[in-house]
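Just so you know, these numbers come straight off a predicted model, no measurement behind them. For ligands, and for the atoms within them, numbers begin at 1 and follow the listed sequence.
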Amino acid sequence: MKWTTKITKITGVKYPVVMGAFAGIGRAKFAAAFSNAGGLGIITALNFSNLKKFREELELMEKLTTKPYGINLTVAPPMMAEKNPNARTEDTYIEYINLAIDHGVKFFTTSAYKANKLGDLVHKKGYYWFHKCSTIPHAISAEKDGADAVTLVGLEGTGFKNPNQQTSLINITIGKKLLNIPIIAAGGFGDARGFLAALTMGAEAVCFGTAIMATKECPAPESFKNRLINQDIFDEEYYKQIYHFQLKDKSIWSPASGHSEKILSMEEFMREIIGGAVDILKNLGFNNSEFKTL
Ligand SMILES: Cc1cc2nc3c(=O)[nH]c(=O)nc-3n(C[C@H](O)[C@H](O)[C@H](O)COP(=O)(O)O)c2cc1C
């Protein structure tokens with residue numbers, strides 16, 4: 001089945017799926033596996049302390065895939081930047097964007113704090129800017145600032161929590177009414193049903209974070225992956241960190257881990273999501289050769 005959405009149109013990827021940003025592990029091998037499996041792989045620039053290391057990673061990426069991919073720029077909020085002189089502010093990323101563009105990158109995702117200066121730079125060069133945020137008011141601001149798409153992370157997701165954050169269900173369905181730019185759904189997605197539900201709720205793509213950490217190509221240690229696939233998501237100590245805003249900057253996987261039962265290759269993971277979605281559609285009587293949100 002062919003998948004056509006505003007995000008597959010913009011990016012040229014086969015499936016409407018976008019890789020999350022990952023501090024520590026969002027590097028070329030992992031991102032290339034995601035791109036080669038049909039999604040938009042993302043290299044997280046935060047993981048490279050200088051331009052030389054970043055250039056080497058871009059060169060490695062060029063060897064590993066010919067498919068589209070993007071770069072994430074996680075911008076430190078001012079409170080964090082004040083405390084940490086090495087924190088990444090918008091200004092520290094300018095040369096990273098220029099270098100990535102020299103290497104043919106066309107897609108840039110920003111996150112953690114507003115990044116309109118970087119968005120403007122990407123636009124000036126003629127490329128695309130997707131901003132990630134967790135609340136609809138922030139998404140509306142990103143749209144006003146000119147973002148080409150917004151990734152909306154629901155309360156189910158992992159990462160920084162916001163006291164005004166809504167669930168993925170509300171973010172996508174209400175966001176669809178209030179926003180004109182495409183929405184990429186994030187937060188708690190890890191199976192075919194969730195993927196398909198997000199597209200029917202109004203998203204133009206789905207972003208996977210936790211779920212792809214249980215893949216063979218994810219550079220996290222095997223012990224970490226085993227703990228993730230064995231996570232009891234109904235354990236109180238676990239779920240209060242996800243739903244009670246206690247996550248802060250603690251690294252923990254989201255309840256999307258409830259969908260991960262074994263460690264799969266990225267190809268197998270993608271086949272489960274896309275193949276499973278096709279089966280669901282067929283069971284519902286959908287016999288078209290194309291799933292289109294346009
Ligand atoms: C280990 C880990 C590291 C992450 N690092 C970042 C990061 O540096 N920047 C960022 O914007 N998001 C980061 N995220 C959030 C993901 O990009 C994504 O928004 C989130 O995982 C989506 O929710 P899900 O885990 O339920 O799929 C991270 C997530 C995980 C699990």
- Task: Mark up the atoms of ligand 1 that fall under 4.0 Å of a heavy atom belonging to Met213, in ascending order.
- Result: 1 (C), 31 (C)
- Message: For Phe195, run the ring-ring contact (aromatic ring centres under 6.0 Å, His included) check against Trp3, Phe269, Tyr15 and tell me which one passes.
- Response: Trp3
- Which option, Ile252, Thr158, Thr109, Asn72, owns the non-hydrogen atom nearest atom 29 (C) of ligand 1? Thr158
- Message: Need the ligand 1 atom indices (1-based, order shown) with element for anything under 4.0 Å from a heavy-atom of Leu46.
- Response: 8 (O)
- Message: What protein heavy atom lies closest to atom 13 (C) of ligand 1? Include the residue and the distance to one decimal.
- Response: Ala21 O, 3.0 Å
- Note on the structure: protein heavy-atom neighbour closest to atom 25 (O) of ligand 1 works out as Thr210 OG1, 2.7 Å
- Task: If you have a sec, work out which protein heavy atom is nearest atom 5 (N) of ligand 1 and how many Å separate them, to one decimal?
- Result: Ala23 N, 2.9 Å
- Check: Asn72/Ser111 side-chain N/O donor and acceptor closer than 3.5 Å: yes
- Query: At a 4.0 Å threshold, what atoms of ligand 1 neighbour a non-hydrogen atom of Ser111?
  - Reply: 10 (C), 11 (O)
- Hey, are Asn162 and Thr135 close enough side-chain-wise for a donor-acceptor pair under 3.5 Å? no
- Query: Any chance the rings of Trp253 and Phe224 have centres within less than 6.0 Å?
  - Reply: yes
- Message: Using a 3.5 Å cut-off on N or O atoms only, is Phe208 in polar contact with ligand 1?
- Response: no
- Message: Can you check which of Glu156, Lys132, Met19 brings a heavy atom nearest to atom 18 (C) of ligand 1?
- Response: Lys132
- Do NZ/NE/NH1/NH2 and the carboxylate oxygens of Glu57 and Lys53 come within less than 4.0 Å? no
- Item | Heavy-atom nearest neighbour in the protein, as seen from atom 2 (C) of ligand 1, with distance rounded to 0.1 Å | Phe22 CD2, 3.7 Å
- Message: Check contact between Gly187 and ligand 1, using heavy atoms of the residue and a distance below 4.0 angstrom.
- Response: yes
Considering only distance and modelled atom types, tabulate donor-acceptor pairs under 3.5 Å from the side chains of residues 287-294, sequence neighbours left out.
residue	atom	partner	partner atom	Å
Glu290	OE2	Thr4	OG1	2.4
Thr293	OG1	Glu204	OE1	2.6

- Task: May I ask you to check whether Ala256 has an N/O atom sitting below 3.5 Å from an N/O atom of ligand 1?
- Result: no
- Among all residues two or more places apart in sequence or in another chain, which pass the side chain to side chain contact (heavy atoms under 4.5 Å, CB included) test with Ala198? Ile172, Ala185, Phe189, Ala203, Val206
- Query: Nearest to atom 26 (O) of ligand 1 by heavy atom, Ala185, Gly20, Ser254, Pro255: which?
  - Reply: Ser254
- Query: So, Phe22 versus Phe30, ring centres under 6.0 angstrom or not?
  - Reply: yes
- May I ask you to check if Arg27 and Phe48 form a cation-pi contact, with NZ or CZ under 6.0 angstrom from the six-membered ring centre and within 45° of the axis? yes
- Note on the structure: Atoms of ligand 1 under 4.0 Å from any heavy atom of Thr74, numbered from 1 in the order shown, are 7 (C), 8 (O), 9 (N), 10 (C), 11 (O)
- Query: Atoms of ligand 1 less than 4.0 Å from Gly209 heavy atoms?
  - Reply: 21 (O), 25 (O), 27 (O)
- Query: For ligand 1, which atoms have a heavy atom of Gly157 less than 4.0 angstrom away?
  - Reply: 23 (O), 26 (O)
- Gly188 heavy atoms within 4.0 Å reach ligand 1 at atoms 24 (P), 26 (O)
- Flag for His123-Asp148: side-chain donor and acceptor within less than 3.5 Å: yes
- Message: Taking Asp91 first and then Lys117, would you say they form a salt bridge - that is, a charged N and a carboxylate O separated by under 4.0 Å?
- Response: yes
